[in-house]
Amino acid sequence: MPDSPPFADIDGPVLVNAGYAVASRPILSGLDLHLVERRIGIIGRNGSGKSTFLRLVAGLIAPTTGTVRLGSHVPASDRKAMLSRIGILFQNPDHQIIFPTVAEELAFGLRQQGMDKVASAQAVTDLLARHGRSHWEDHSVTALSQGQRHFLCLLAVLAMQPQTILLDEPFAGLDLPTQARLARELAALPQRLILITHDPKTLAGYDRVIWIEGGRVRADGHAGPIVEAFTAEMARLGGTDADTDLTN
Ligand SMILES: Nc1ncnc2c1ncn2[C@@H]1O[C@H](COP(=O)(O)OP(=O)(O)O)[C@@H](O)[C@H]1O
Ligand SMILES: [Mg+2]
């Protein structure tokens, strides 16, 4: 683990020999990690286990071996406590959005957190105004573009003010200006971010980068050297013509 300072006093997820298997096939194994830094990147090839890792950290799945904890909580069983602690932004906004209008979508998490109807409606109005999107309030979500729906999902996460935000390839499928805007929005967030990306350039200045391969940590440290090693390895693999190398 790198020696950059932990992020304030906010509890970070702790994994102890954590693993996840489906039908006795291991997808993640032997994870010993204390995720305390403020900006943490996750890199790895397709199928290496990155998305499963985020789901495990968020408590959307429980480890089949070892433990995952956040402070005194077990994320997979203490869902209510996670509402204010961990937010997750999925790669595909259409897996996340469940309501017909922007206002309803944004109010949902706040209502789950126990806010009453009037207060949540006001919080949604304020949130949209802060992000220059007041005109979205009564919009149908289907009237938004993919990039806009993605941003709506981020707003839904931000509305709940979680201490840690997990993001699964948030830039994939967005056009360049939308990517740049999202990158600026993310950079300005005070929260801890744990970000999966295919584009290691996004991780410049990150406190820590974890490279996952075959469901295990292959490398873990400061962004510079880890990204450099990963990029070199991907270039090396790209230079071979062996499909036999691909695991899936
Ligand atoms: N619920 C599941 N059942 C069976 N296999 C799964 C399940 N979830 C993930 N996998 C498999 O685990 C591996 C890692 O998947 P994933 O975490 O999505 O990787 P990544 O996000 O790095 O592309 C893949 O081979 C995937 O097919
Ligand atoms: Mg994935």
Item to complete: Please report the C-alpha distance between His222 and Ile226 in whole Å, then the side-chain angles of each, then the deciding distance to 0.1 Å, and finally whether the side chain to side chain contact (heavy atoms under 4.5 Å, CB included) criterion is met.
Response: CA-CA 6 Å; His222 290 299; Ile226 304 291; 5.9 Å; no
Side-chain donor or acceptor of [X] paired with backbone N/O of [Y] under 3.5 Å:
X      : Y      : result
Ser120 : Ala107 : no
Arg55  : Gly59  : no
Glu105 : Phe99  : yes
Glu169 : Gln91  : no
Lys50  : Trp211 : no
Arg216 : Ile212 : no
Arg192 : Gln163 : no
Gln191 : Pro162 : yes
Asp207 : Arg39  : yes
Gln113 : Met160 : yes

Can you give me the closest heavy-atom contact between [X] and [Y], atom names plus distance?
X      : Y      : value
Thr101 : Glu104 : OG1-OE1, 2.8 Å
His139 : Ala143 : CD2-CB, 4.3 Å
Ile196 : Pro170 : O-CD, 3.6 Å
Asp11  : Gly71  : OD2-CA, 3.4 Å
Arg38  : Leu189 : NH2-O, 2.9 Å
Asp32  : Asn17  : OD1-N, 2.7 Å

Between [X] and [Y], is any pair of side-chain heavy atoms under 4.5 Å apart?
X      : Y      : value
Gln122 : Asp126 : yes
Asp168 : Leu89  : no
Val57  : Leu33  : no

Item to complete: Using the side chain to side chain contact (heavy atoms under 4.5 Å, CB included) rule, take Leu158 and Glu185 through it: C-alpha gap first, then chi angles, then the decisive distance, then the call.
Response: CA-CA 11 Å; Leu158 294 180; Glu185 305 264 8; 5.9 Å; no
Practice prompt. Decide yes or no on side chain to side chain contact (heavy atoms under 4.5 Å, CB included) for Val102 and Leu155, but give the supporting numbers first.
Written response: CA-CA 10 Å; Val102 168; Leu155 289 180; over 6 Å; no
Discussion item. Phe230 vs Val209, test: side chain to side chain contact (heavy atoms under 4.5 Å, CB included). Steps then yes/no.
Written reply: CA-CA 10 Å; Phe230 176 74; Val209 172; over 6 Å; no
For the [atom1] atom of [X] and the [atom2] atom of [Y], what is their distance to the nearest 0.5 Å?
X      : Y      : atom1 : atom2 : result
Leu127 : Gln161 : CG    : CD    : 9.0 Å
Leu154 : Leu167 : CG    : CG    : 7.0 Å
Tyr206 : Thr197 : OH    : OG1   : 8.5 Å
His150 : Asp94  : NE2   : CG    : 10.0 Å
Trp136 : Leu144 : CH2   : CG    : 5.5 Å
Arg236 : Glu233 : CZ    : CD    : 4.5 Å

Item to complete: Check each of Leu182, Asp199, Leu176 against Phe171 using the side-chain contact (heavy atoms from CB on, under 4.5 Å) test, and report the only one that passes.
Response: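 Of Leu182, Asp199, Leu176, side-chain contact (heavy atoms from CB on, under 4.5 Å) with Phe171 is met by Leu182 alone.
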Worksheet item: What class does the angle between the rings of Phe151 and His131 fall in, given that below 30° is parallel, 30 to 60° is tilted and above 60° is perpendicular?
Response: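 Because their plane-to-plane angle is over 60°, the rings of Phe151 and His131 count as perpendicular.
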Count I, L, V, M, F, W, Y as connected when their side-chain heavy atoms are under 4.5 Å apart, and connections chain through other members. Are [X] and [Y] then in the same cluster?
X      : Y      : value
Val22  : Leu56  : yes
Val74  : Ile86  : no
Leu60  : Leu166 : yes
Ile165 : Phe108 : no
Leu31  : Val14  : no

Practice prompt. For atom CD of Gln112, decide whether the heavy atoms of other residues, nucleotides or ligands shown that lie under 6.0 angstrom number more than 12.
Written response: yes
Discussion item. We want to know whether Gln96 and Asn92 form a side-chain donor-acceptor pair, criterion being a heavy-atom distance below 3.5 angstrom.
Written reply: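 Side-chain D/A pair, Gln96 to Asn92: absent.
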